[in-house]
Amino acid sequence: MTEENGAPGADGQEPSRRDFIYIAAGGVAAVGGGLVAWPFIDQMNPAADTLALGSIRVDVSTVAVGSEITVMWRGGPVFIRHRTEAEIAEARAVELGALPDEEARNDNLPAGTPGTDANRVLRPEFLIVKGNCTHLGCVPLGLAANTGDYDGWYCPCHGSHYDTSARIRRGPAPENLPVPDYYFETETTVKIGLSPEEADNSGWAVS
Amino acid sequence: MSGPSTYNPSTGIEKWLDERLPIIRLGYDSFVDFPTPRNLNYWWTFGGILAIFLMIQIVSGIVLAMHYVAHEDYAFESVQRITRDVPFGWLIQSMHANGASFFFVAVYLHMFRGLYYGSYKAPREILWILGVVIYLLMMATGFMGYVLPWGQMSYWGAMVITNLIGALPFVGEAIREWLWGGFSVGQATLNRFFSLHYLLPFVIAAVVGLHIWALHVPGNGNPVGLEVKSKKDTLPFHPYYTVKDGFAIIVYLMIFAVFVFFMPNVLGHADNFIPADPLVTPAHIVPEWYYLPFYAILRAIDFGIGPIDAKLGGVLAMFGAIGILFVLPWLDTSKVRSMRYRPLTRWFFIFFVVAALGLGWCGAKNPDDFVLGIEGFKFIYLAKFLTAYYFGYFIVILPVLGIIEKPKERPASIEAAVLGTDKA
Ligand code: HEM
Ligand code: FES
C-alpha cells in the first residue's frame with residue numbers, strides 16, 4: 001500500500017479503495033474457482049442413465065422352499081432365499097440385544113428401525129437382501145457352499161457370519177446385509193428398485 | 001545448477017540456440033559436467049534405473065492403449081487379444097505387466113538406500129518428500145492399471161480397496177459411490193480408472209523433474225554421508241557415472257528380459273485369467289506383491305480403539321505407514337547421515353528391512369494360518385508384531401537413538417574415505 005495514487009489510508013489508517021478492490025477481486029476469484037471445480041468433481045457421481053437403470057423384475061415362483069437364487073441388480077448381487085419355517089422361526093427367536101447391528105438396514109423403512117426379522121421382510125418366506133458383505137464387499141457363501149454358524153451366509157474373506165435374516169452375528173462386518181427397495185407386483189413377481197410412486201404403495205410398514 | 005556453468009557452445013548453431021533457449025546448457029550442466037561425489041556405489045544406480053522404467057511403462061502403455069478397450073464386456077478379451085493376435089502384442093503386454101513389478105523393485109531398493117544412508121536429512125528433505133509423492137502416485141497408478149485387464153483379481157481388488165474408503169466416517173459412502181460412478185465397481189469405474197491410469201504416469205514424470213531439480217541443488221549424497229567440500233571430492237557425471245549407471249541398467253534389463261520372455265506370468269495371479277464376475281468372489285483375494293506389506297498392516301488392525309472401529313483403524317494404519325515417511329526427516333534426530341557410522345541404529349535398520357519383508361509375507365497369507373505350521377502362532381500375530389516394529393522404528397527408535405548413540409569416527413572428507421588417507 002503506497003500513497004502513490006493518493007488513496008487515503010496507507011500506513012495502517014483507513015482501508016483504501018485499493019484494499020477493497022483486492023478483497024473483492026480475491027473473493028470473486030475464490031467463488032468462481034469453486035463454481036468451476038464443482039462440475040468437474042460432480043461429473044464422477046452416478047450418471048442419470050445409471051440411476052435410471054435401477055429396477056428389475058424377478059419371478060420367484062421357481063425358487064423352491066429351502067433354496068435361494070442370486071440375481072444381479074445395479075451391478076451387484078441380490079440374494080433371494082425362500083426360507084423354511086425353521087429358518088423363519090430361528091430368525092424371529094433372536095433378541096435384538098444379541099445383534100451386533102440392531103438396525104433393520106431396510107431401504108423401505110425409515111433409518112433407525114429396529115432390526116427384528118419382521119422389519120427385514122415383506123413376506124416372511126422370502127428374504128431379499130443385497131449380497132455384498134458390509135465389511136469389504138465380498139459375496140458371502142450361502143446354501144450351496146457354507147451357511148456359517150448362524151445358518152445364513154458365511155463370508156470367507158475375513159470370516160463374517162450372517163443369520164437367517166442376513167443379520168451380522170459374528171466377524172468384522174459392521175452392518176446387516178441391507179434390504180433393497182422392493183415389493184411384490186404379483187404373487188410371484190418381485191420388483192426390485194422402485195419408483196417413488198411404487199415405493200409409496202409397496203406395502204411396507206414398521207412392525 | 002550447483003556452481004557456474006562450464007558449457008562452451010562449440011558450433012555456430014549451438015551458440016545461436018544457447019542465446020535463445022539454453023537447453024543444451026541445461027543438459028550439459030545436469031548430466032555431463034555435473035560434479036558428483038567420487039564414492040557412489042551401486043545403490044546409487046537405481047535412480048537411473050527408475051527413469052528408464054518410467055519410460056518403458058509410458059511407451060509400452062501408449063501402445064497397449066491403442067488396442068485396449070475400456071469396457072466391462074470387452075476389456076478382458078481385448079487384453080487376451082493383445083497377447084495373442086496383435087503383432088508383438090505378447091511382448092509389449094509382458095513388458096508392461098512385468099515392468100510394473102521391476103519398477104517397484106527398483107523404487108523399494110532406492111528407498112531403502114535412502115533410509116540406510118540418511119539421504120532424507122537436511123538439506124535434502126524436499127527431495128525425499130518428492131520421492132514419497134512419486135511413490136504414492138506409483139501405487140495409485142499400479143492399482144488402477146491392475147484393474148484394467150478386468151479379471152477376477154482386478155475386479156475384487158478394486159472392490160476391496162474402494163470399500164476401505166467407505167470406512168471413513170460420514171462421507172465414506174458418498175465418496176465410494178463417487179469413485180465407482182455407480183452402485184458397485186462397474187463400467188463407469190473401469191472407464192475412469194483407464195483415464196487416470198493414462199494420466200498419472202505423466203504427473204509422475206513431472207514430479208520426477210522436480211525431484212531431479214531438488215537433487216541438483218545440494219548435489220548427490222554419498223555412502224559416507226559427508227558433504228562435498230572441494231573439487232577433489234567429485235568426478236564429472238560423464239563419463240564416470242553415465243558408465244556406472246549404464247552398466248547397472250543393462251544388468252537390470254537382462255534380469256527383466258528373463259521375466260518378460262521366459263516367465264511372463266509368474267508375478268501375476270492365476271485368478272486374473274478368469275474374467276471378472278460380480279457375483280462370485282475368489283477364495284483368497286490378494287493384491288499384487290508390491291502392496292502386500294501395507295495389506296498386512298491393514299489387516300493387523302482387527303481391533304477398535306475408542307471411537308475408531310477396526311475397519312477405519314486398519315485404513316488409518318495403512319495410510320499412516322506411508323504418511324510417516326513424509327515426516328521422517330524430522331523424526332531422525334541424529335546428525336550423522338550414514339548408518340556406516342551408527343553401529344547400533346544399523347542393526348535396527350537391518351531388522352526394519354526384515355520386518356518389511358516379513359509384513360509382505362504376512363500379507364500374502366491367510367491371517368488365521370499358522371506361521372511355518374507352528375500350532376497357535378497365527379500370521380495375524382506376526383503381522384501385529386511387525387506392524388508395531390514398523391511404526392516403532394520411526395516413532396521411537398530413530399528419535400531416541402539419535403540422541404543416545406555414540407557414532408563411530410568418520411573420515412575427514414570424501415576424498416580421504418576413497419583414497420584411504422583416513423588417518424589424516
Ligand atoms: C507409472 C507407470 C505405470 C505403471 C506402474 C503401470 C502399471 C500397470 C499394471 C500393473 C497393469 C496391469 C497389467 C496386467 O496385469 O496385465 C497395467 C495395465 C495397463 N496399462 Fe499401465 N502402467 C503405467 C503406465 C501406463 C501408461 C503411461 C499407459 C498409457 C499411456 C498405460 C496403459 C495401460 C493399459 C492400456 C493397460 C491394460 C492392458 C494390460 O493389462 O496389459 N500404462 N499398467
Ligand atoms: S469382506 Fe466379508 S468378511 Fe471381509
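Lettering follows sequence order; numbering is per chain, from 1. Just so it is clear, the structure is predicted and the values come from calculations on it, not from any experiment.
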**Report entry** Sub-6.0 Å ring centroid separation between F194(B) and Y68(B)
**Finding:**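 Yes, close enough.
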Query raised in the report: Given the side-chain rings of Y183(A) and W204(A), with only the six-membered ring counted for Trp, is the space between their centroids under 6.0 Å?
Result: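 Judged by ring-centre distance (under 6.0 Å), Y183(A) and W204(A) do not meet the cut-off.
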Residue [X] versus chain A: region with a heavy atom under 4.5 Å:
X: W156(B); value: side chain
X: F303(B); value: neither
X: I285(B); value: side chain

Requested in this report: Give the member of P174(A), G131(A), P77(A) that has the highest number of heavy-atom pairs under 4.5 Å with chain B.
Outcome: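 Counting heavy-atom pairs under 4.5 Å, the top option is P77(A).
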Query raised in the report: In terms of heavy-atom pairs under 4.5 Å, which option from N132(A), T70(A), I41(A) contacts chain B the most?
Result: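 Between N132(A), T70(A), I41(A), the count favours I41(A).
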Query raised in the report: Who pairs with V206(A) by side-chain contact (heavy atoms from CB on, under 4.5 Å), at least two apart in sequence or on another chain?
Result: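 By the side-chain contact (heavy atoms from CB on, under 4.5 Å) rule, V206(A) matches L109(A), P110(A), T113(A), N119(A).
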**Report entry** Closest non-hydrogen atom pair between P367(B) and K378(B), with its separation
**Finding:**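 Minimum heavy-atom separation between P367(B) and K378(B): O-CB, 3.6 Å.
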Report task. Measure across I380(B) and R299(B) and return the closest heavy-atom pair with its distance rounded to 0.1 Å. Result ->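 The answer is CD1-O, 3.3 Å.
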Query raised in the report: Would F379(B) and F370(B) satisfy ring-ring contact (aromatic ring centres under 6.0 Å, His included), going step by step from the backbone distance to the final call?
Result: CA-CA 6 Å; F379(B) 270 99; F370(B) 298 135; 9.2 Å; no
Requested in this report: Just say parallel, tilted or perpendicular for the rings of F104(B) and Y290(B), cut-offs at 30° and 60°.
Outcome: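 It falls in the parallel class, under 30°.
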**Report entry** For Y155(B), the option from W150(B), F76(B), F193(B), Y146(B) that meets ring pair (Phe, Tyr, Trp, His ring centres under 6.0 Å)
**Finding:**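 When ring pair (Phe, Tyr, Trp, His ring centres under 6.0 Å) is applied between Y155(B) and each of W150(B), F76(B), F193(B), Y146(B), only W150(B) qualifies.
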Query raised in the report: Side-chain contact, heavy-atom cut-off 4.5 Å: F183(B) with L51(A)?
Result: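 Yes, side chains in contact.
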Query - When V160(B), D302(B), N163(B) are compared by non-hydrogen pairs under 4.5 Å with chain A, the top option - result: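 Looking at each option in turn, the highest pair count goes to N163(B).
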Query raised in the report: Residue by residue, which of residues 144-173 of chain A have a heavy atom closer than 4.5 Å to a heavy atom belonging to chain B?
Result: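 At a heavy-atom separation under 4.5 Å, chain B is reached by C157(A), H158(A).
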Query raised in the report: Side chain, backbone, both or neither: which part of L141(A) has a heavy atom under 4.5 Å from chain B?
Result: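 Nothing of L141(A), per the 4.5 Å heavy-atom cut-off to chain B.
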